[in-house]
There are 2 protein chains.
Amino acid sequence: MARIKDVAKQAGVSVASVSRVLAGHSKVSESIRQRVLGAVHDLSYRPDLAARRLRSRQTDTIGLIVSDIRNPFFTEVSRAVEDVSYQHHLRVILCNTDEDVEKENLYLDLMRDENVSGVILSPTLTTLAGFRARDYPFPMVLVDRCDRDTAADAVILDNVDAGYRLTTHLIDNGYRRNIFFYGTTSATGRQRREGYVAAMAAHGLEAHAEPVRSTATAEHGRAAAYERLRRRPLPDALVASSGLILLGLTEALRESKLRFPDAVALAGFDDLPWTRLVEPGITVISQPLYEIGRAAIELLLQRIAKPDQAVRRVVLRGELIERGSTAKRNGSAGVSVAA
Amino acid sequence: MARIKDVAKQAGVSVASVSRVLAGHSKVSESIRQRVLGAVHDLSYRPDLAARRLRSRQTDTIGLIVSDIRNPFFTEVSRAVEDVSYQHHLRVILCNTDEDVEKENLYLDLMRDENVSGVILSPTLTTLAGFRARDYPFPMVLVDRCDRDTAADAVILDNVDAGYRLTTHLIDNGYRRNIFFYGTTSATGRQRREGYVAAMAAHGLEAHAEPVRSTATAEHGRAAAYERLRRRPLPDALVASSGLILLGLTEALRESKLRFPDAVALAGFDDLPWTRLVEPGITVISQPLYEIGRAAIELLLQRIAKPDQAVRRVVLRGELIERGSTAKRNGSAGVSVAA
DNA sequence: TCGAAAATTGTAATCGTTTACATATTTTTT
DNA sequence: AAAAAATATGTAAACGATTACAATTTTCGA
């Protein structure tokens, strides 16, 4: 393995010159540049990153900490993060927390130990409470989850608005007894529920929000919905606060032999491929997933460049995609379909 | 920030002793151990990873190089890899190649520069040709893609067998004019096609395999299928060589207003949640995705421990999950439904 | 043409660990 | 009880870059 001193010797210059040529930021005469580049090529020299990092205190590495990469939301976000990171010659360390605060803290400690350039975090509820990016020794951007008063750069959906619009759409189409299944492990579910509650109240309807313990798996959503669907009267509509819960609700309806929208309507979040394929299509709020990830990494890059600039927030608006699962009821509004 | 020398001073011992206590492998008297641990705690000392790596030449980092993390196959595999890595105190660097050999090479170079402990790679066709793990300066395990004569540890499905069984199932159920849509960008699609061709031949049927350029997106599968579905006579069944292509085929059928299995049957790979939900359910070969990822990282850990042991291969068997999309035809076998 | 300022290049210190080796201590063997 | 072996601890030399500073050369104004 060639070292910088070998390159220097081969090129007949000092190691400092080699370093300067490779760094590219300071002035070096063209003749030295050529000789160094030649030597680098001849010896197939590649700088040792560990040494470089020790001395320069820079790692060109970012951490991506999410609850579960299998959640389609994070899958897409992570892809965007990796894309932009690649373009900027940054490596991405992937971390799954499973909504476990301890695991999350271990990973945040790791980020400090790794001396990463920055972190993109989707925090647990516990960590989000009183969260201040300043408390950490590295730049950090939140994604998907963030409260109004959180002191950190963040990229989120306008969740309250989205919940409100989705619910209003249901009410407008004649569904009144709507049940909202929301994940309790993240701020997102709660905010969307808030919008749901507001929309129901605005129409003088009683809100029924069902907490779903884990957002990480569709199974909990399925179980909760299945339980509810055994009781009578049946609700008019089931609403999910996330793509995974929506999957669970869909499974529960299937399992209960209930067709939507005839027996019970269905709506939720995230325009995943299958929501279009399941007949007659499921109405959803579509989030610009890739955009969210891209905005997050770009916010992070800006924060890295200017550590002291004011906190910024990107709030994106979800798009309501109407499909058959919430088709307009032909009966008069307010009439329940239940036996 | 406390350094190891600060800890040494505080504990009244040498830096070597501090290092030894923290490393834990060599003998240290209990009294020194206690004092060091106390000092470490008092100063909240955390060792500098860059320095440690420079000196020890170990990074405790692995690289995961896949074509696209959004491909559900890799999503699940990566989750398993991350899980096991976490348990072994290893970090995971995530890399997407988009089947681009240049990008793949850049990432493989990066792995060398990072001096990673090992790499899990899902190689492009180009890289797989004549691939030898020995040619790389780090341990490496292949996943999903591997030829019979590839000189590398690998975890794969028995693709030929899976293609054969899936096709045989169709034939047994009365579908004879079966078209196989396979991804050309990976070895996997070709191997599954091989099984398909063999099964067709075994029943004296003519094989019709349609190459789909990119496996990374369902869109290509949709386009290819849509094109075919406009021609007459219609095929008896459409078969996809991957989960993403299957998604595309399903969309094409929907778009063409063709119901399965009545108009055209449908089958493919990967038991993804939606294959169960799309009525009347899609027949698939299920791969043990998480298991594949776990086997890969475990093979890698073993390879890291014993760099010179013989090449090993884990070949898993896919499970045929029969659903409505390939329901037995009631007419006599061989009769086409086409006009 | 000379001297000061600017630009280029080299020397050597430095980043914070691990670890080979030397030294001091304890234990075992005879 | 002395010699030998084993064990514990410390000292200092790596690891391989970057970069402050010194030294040298070039540029340029008067």
Side-chain angles (χ1 to χ4, degrees), chain A residues 1-40 43-61 89 91 109-110 112-117 137, chain B residues 1-40 43-61 89 91 109-110 112-117 137:
Chain A
M1 252 337 217
R3 297 311 173 194
I4 197 172
K5 71 163 82 151
D6 306 318
V7 176
K9 194 171 290 174
Q10 165 101 355
V13 300
S14 72
V15 293
S17 292
V18 176
S19 178
R20 280 190 272 256
V21 168
L22 265 37
H25 46 65
S26 47
K27 290 274 173 294
V28 189
S29 76
E30 191 54 28
S31 91
I32 282 195
R33 236 184 73 81
Q34 291 305 331
R35 270 186 294 158
V36 167
L37 259 27
V40 164
L43 303 175
S44 333
Y45 167 72
R46 311 228 63 182
D48 185 289
L49 290 182
R52 175 177 283 185
R53 285 169 180 164
L54 170 58
R55 179 59 229 239
S56 71
R57 310 270 68 192
Q58 297 235 308
T59 57
D60 294 341
T61 300
H89 304 285
R91 304 134 213 26
D109 285 347
L110 174 67
R112 179 170 67 138
D113 294 349
E114 288 279 350
N115 190 29
V116 293
S117 306
Chain B
M1 247 346 213
R3 298 309 173 195
I4 197 170
K5 72 163 81 152
D6 305 317
V7 175
K9 194 171 291 174
Q10 165 100 355
V13 301
S14 73
V15 293
S17 291
V18 177
S19 178
R20 279 190 272 256
V21 169
L22 265 36
H25 45 63
S26 47
K27 289 274 174 291
V28 189
S29 76
E30 191 54 27
S31 92
I32 283 195
R33 235 184 74 82
Q34 292 305 331
R35 271 186 294 158
V36 167
L37 259 28
V40 164
L43 304 175
S44 332
Y45 168 72
R46 310 227 63 180
D48 185 287
L49 290 183
R52 176 176 282 186
R53 286 170 179 163
L54 170 58
R55 179 58 228 235
S56 71
R57 310 271 66 193
Q58 297 236 303
T59 56
D60 294 340
T61 299
H89 305 285
R91 305 137 216 17
D109 286 347
L110 174 67
R112 181 171 63 139
D113 295 349
E114 289 280 350
N115 190 28
V116 293
S117 306

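First the proteins, then the strands, lettered A, B, ... as listed; each starts at 1. Only this structure's heavy atoms are used, side chains among them; waters, hydrogens and symmetry mates stay out.
- Within the 4.0 Å cut-off from OP1 or OP2 of D:dC15, not a single side-chain nitrogen or oxygen of B:R57 is found.
- For D:dT9, the OP1/OP2 oxygens have a side-chain nitrogen or oxygen of B:S29 closer than 4.0 Å.
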- Under the side chain to side chain contact (heavy atoms under 4.5 Å, CB included) criterion, do B:R91 and B:L49 qualify, and how do the steps go? CA-CA 12 Å; B:R91 305 137 216 17; B:L49 290 183; 4.3 Å; yes

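- Between B:R53 and the phosphate of D:dG16, there is no side-chain N or O to OP1/OP2 separation shorter than 4.0 Å.
- Counting only heavy atoms from C-beta on, A:L54 has its side chain closest to C:dC15 among D:dA17, C:dC15, D:dG10.
- With DNA chain D read from its 5' end, the first of the two nearest nucleotides for A:R20 and B:R55 is the one closest to B:R55.
- Nucleic acid contact class of A:L49 (heavy atoms, under 4.0 Å, all strands): none.
- Dashed line: the shortest gap from a side-chain N or O of A:S19 to OP1 or OP2 of D:dT19 is not under 4.0 Å.
- A close approach under 4.0 Å does occur between a side-chain nitrogen or oxygen of B:S17 and OP1 or OP2 of D:dG10.
- Residues B:T61 and B:E114 have side chains not in contact (no heavy-atom distance under 4.5 Å, counting atoms from C-beta outward).
- B:L22 CG to B:R33 CZ: the interatomic distance, rounded to the nearest 0.5 Å, is 10.0 Å.
- Nucleic acid contact class of B:V28 (heavy atoms, under 4.0 Å, all strands): sugar-phosphate only.
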